[in-house]
Amino acid sequence: MKPKGKKLPASYYASHDVNFLAKDLLGKFLCTHIDGIYTCGKIVETEAYRGPDDKAAHSYNNRRTPRTEVMYRKGGVAYIYFCYGIHHMMNVVTAPQDHPHAVLIRALEPAEGIDAMAERRKMEASDIRLTKGPGALCVALGLTKDRTGTSLYKTSTSIWIENRGINYDDSEICAGKRIGIDNAGDAVDWPWRYFVKGSKYVSAKRGC
DNA sequence: TGTCGGATCAGCT
DNA sequence: GCTGATCCGACAC
């Protein structure tokens with residue numbers, strides 16, 4: 001599948017600054033080519049998880065388990081895991097090897113393959129909730145936990161992120177507390193959730 | 001081997 | 001707004 005925009009290279013994901021990347025990923029396009037179906041959406045909401053220091057992250061205190069192992073790899077792979085018995089969550093692993101940082105993709109604005117998304121979601125294509133929320137967008141794009149570890153930059157990959165020339169200014173971005181991490185001590189209050197101001201596709205507007 | 005809690009969503013009120 | 005669905009991973013025993 002030929003990207004419409006410019007596929008982000010391995011070097012993009014190498015930054016140590018996971019908060020910079022979480023913000024910078026807004027306006028980029030997350031695309032998948034799974035089961036022969038091409039789908040693509042603009043990223044409008046992310047959260048940063050900064051590995052060892054961040055009590056809300058699975059890799060807090062450098063915890064290593066078979067599940068979190070992929071977070072320790074070199075940036076530029078997908079970390080997809082299963083939660084609440086129902087939902088999958090899509091994260092982008094960042095930073096060099098052994099720095100377990102990741103950006104959770106929380107919401108997209110559907111761009112291409114909208115009919116396929118609707119079919120996977122068993123919803124009308126016009127439904128605003130198609131890719132609103134991390135569990136929802138994984139279904140829409142066909143992502144499941146067995147894709148975890150997939151490279152986002154290799155030419156043959158089934159999951160990648162494109163730059164199509166959209167860059168948001170700080171004044172167009174909101175930062176707020178992260179969602180659903182009530183048990184994470186001080187980290188609960190860190191404003192590491194970023195979203196595009198005014199987007200209908202953002203999962204929760206709080207913090208702006 | 002068993003228990004407990006979780007980075008949620010949709011549908012109904 | 002509230003609630004039920006539903007199951008895997010981590011850790012204690």
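Protein chains get the first letters and strands the later ones, always in sequence-line order, with residue 1 at the start of each.
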Neighbours of DNA chain B within residues 60-69 of chain A, by heavy-atom distance under 4.0 Å:
none
Where does the angle between the aromatic ring planes of His99(A) and His101(A) fall among parallel (under 30°), tilted (30 to 60°) and perpendicular (over 60°)?
perpendicular
Range-with-range stems of DNA chain C (Watson-Crick or G-U pairs under 3.5 Å, three or more in a row)
B:1-6 with C:7-12, B:8-12 with C:1-5
Would you check if Ile181(A) and Arg193(A) make a side-chain contact, meaning some heavy-atom pair closer than 4.5 Å?
no
Would you jot down, in residue-number order, the residues of residues 187-201 of chain A having a non-hydrogen atom under 4.0 Å from DNA chain B?
none
Set of residues satisfying side-chain hydrogen bond (donor to acceptor under 3.5 Å, both in side chains) with respect to Arg147(A), sequence neighbours excluded:
Ser158(A)
Distance-only, no hydrogens or angles: does the Thr157(A) side chain make a donor-acceptor pair with backbone N or O of Ser151(A) under 3.5 Å?
yes
Residue pair Ser199(A) / Glu109(A), side-chain donor-acceptor N/O under 3.5 Å:
no
Do the charged groups of Arg106(A) and Glu47(A) touch, with an N to O distance under 4.0 Å?
yes
Where does the angle between the aromatic ring planes of Trp160(A) and Tyr38(A) fall among parallel (under 30°), tilted (30 to 60°) and perpendicular (over 60°)?
parallel
Validation row: Val196(A), Glu172(A) side chains within 4.5 angstrom (heavy atoms)
no
Is Lys197(A) salt-bridged to Asp169(A), cutoff N-O under 4.0 Å?
no
If the sugar-phosphate is the primed atoms plus P, OP1 and OP2 and the base is the rest, what is the B/S/- string for nucleotides 3-13 of chain B, using protein heavy atoms under 4.0 Å?
---BBBSS---
Distance-only donor-acceptor check, side chains Tyr12(A) and Asn163(A), under 3.5 Å
no
Is there a donor-acceptor pair closer than 3.5 Å between any side-chain N or O of Thr32(A) and the backbone N or O of Leu141(A)?
yes
Where chain A begins and ends its contact with DNA chain C, read 5' to 3' at 4.0 Å from heavy atoms:
dA5(C) to dC11(C)
Between Ala140(A) and Arg120(A) the two heavy atoms that sit nearest each other are O-NH1, 2.9 Å
Distance-only polar pair, side chains of Ser15(A) and Asp17(A), donor-acceptor under 3.5 Å:
no
Is it possible for you to say whether Ile34(A) and Ile161(A) belong to one hydrophobic cluster, with membership spreading through side-chain heavy-atom contacts below 4.5 Å?
yes
Check whether Tyr49(A) forms a cation-pi arrangement with Arg178(A) (NZ or CZ under 6.0 Å from the six-membered ring centre, at most 45° off the ring normal).
yes
